[in-house]
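Numbering of residues begins at 1 and proceeds along the displayed sequence. All ligand and atom numbering here is 1-based and tracks the order in the structure.
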Amino acid sequence: MKVEIIKCLKDNYSYLIIDEKNNYACVVDPSEAQPIIDFIKSKKIDLKFILNTHHHHDHVGGNTELKKKYGSKIIGFKNDKERIPDIDILVENNEIWRSGNFEFKIIHIPGHTTGHICFYFIKENIVFTGDTLFSLGCGRIFEGTKEDMYTSLKKLKSLPKNTKVYCGHEYTLKNSLFCSKYESDNEELKKKILEINLKLEKNLPTIPSTIGDELACNVFLRAKNLEDFSKLRDLKDNF
Ligand code: ZN
Ligand code: FE
């Protein structure tokens, strides 16, 4: 299984997960259709499934066009069936979903929206976290409560440390400034920021991160309790 990172819109990432044996693929959060079409055009890839972490337009904007063009099936959280365009397959919390060589667990991680989920590919050790966990940050709380978000991040924290984290946006640089403001002595964070800047200088994505890196560097995962987390979230909203 191979993951390709596809830049969309201003700072979104969509991800193609390719089963190279069969040339089947899933796409996570296609913000728009064209960059996905451009990528798979020359490669004879069959886009079997579209996976949506949540209903926001910058994550589902390409659903309808891609489904029409490739006959892909759209997978999303059952409670968001009215909000995810052209949804076909409804999944629920803790479900393990399989088709061919694709196998992932659904984890419900509300806070950014009430219906936000992540796709955890257990065998590959990869999680697609949408707008809940970013590298060095977390999503804004639009629909849920701070407690929802705190609990959701706790679920992500419990994944193995070597799990690769693919998130919905390239926000890492701005997030790093916030983290270093609150943990200026964190040596791991300093190291991570050097790596981030090297990648960005070469115009490369800072993604994927890992759960281990985030545990060591992301102030939102390092908050000791809900109260600390809430304070940080308020400060970040005005950062
Ligand atoms: Zn969003
Ligand atoms: Fe987003």
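None of the N, O or S atoms belonging to His59 lies under 2.8 Å away from the Zn ion (ligand 1). For the Zn ion (ligand 1), the set of nearby N, O or S atoms under 2.8 Å includes none belonging to His116. Residue His169: an N/O/S atom is found under 2.8 Å from the Fe ion (ligand 2). Among the atoms of Asp58, no N, O or S atom is found under 2.8 Å from the Zn ion (ligand 1). Among the atoms of His59, an N, O or S atom falls under 2.8 Å from the Fe ion (ligand 2).
Sorting the N, O or S atoms of Asp131 by how far they are from the Fe ion (ligand 2) puts OD2 first. Taking the Fe ion (ligand 2) as reference, Asp58 places its N/O/S atom OD2 nearest. Its N, O or S atom nearest to the Zn ion (ligand 1) is what matters here, and for His56 that atom is ND1.
Salt-bridge annotation for Lys192 and Glu195: absent, with no side-chain N of the basic residue lying under 4.0 Å from a carboxylate O of the acidic one.
Leu173 and Asn197 get closest at one heavy-atom pair: CD1-OD1, 3.5 Å.
When ring centroids are compared, His169 and His59 come within the 6.0 Å threshold. Taking the six-membered ring where the residue is Trp, the centroids of Phe178 and Phe220 are separated by under 6.0 Å.
Geometry note: the Zn ion (ligand 1) is the vertex, His54 NE2 and Asp131 OD2 are the arms, and the angle is 100° (rounded to 10 degrees).
Side chain of Glu170 to backbone of Thr206: a donor-acceptor contact under 3.5 angstrom is found.
The side chain to side chain contact (heavy atoms under 4.5 Å, CB included) with Val28 is formed by just one residue from the set Phe49, Tyr166, Tyr13, Phe128; it is Phe128.
Using cut-offs of 30° and 60° on the angle between ring planes, the pair His116 and His54 is parallel.
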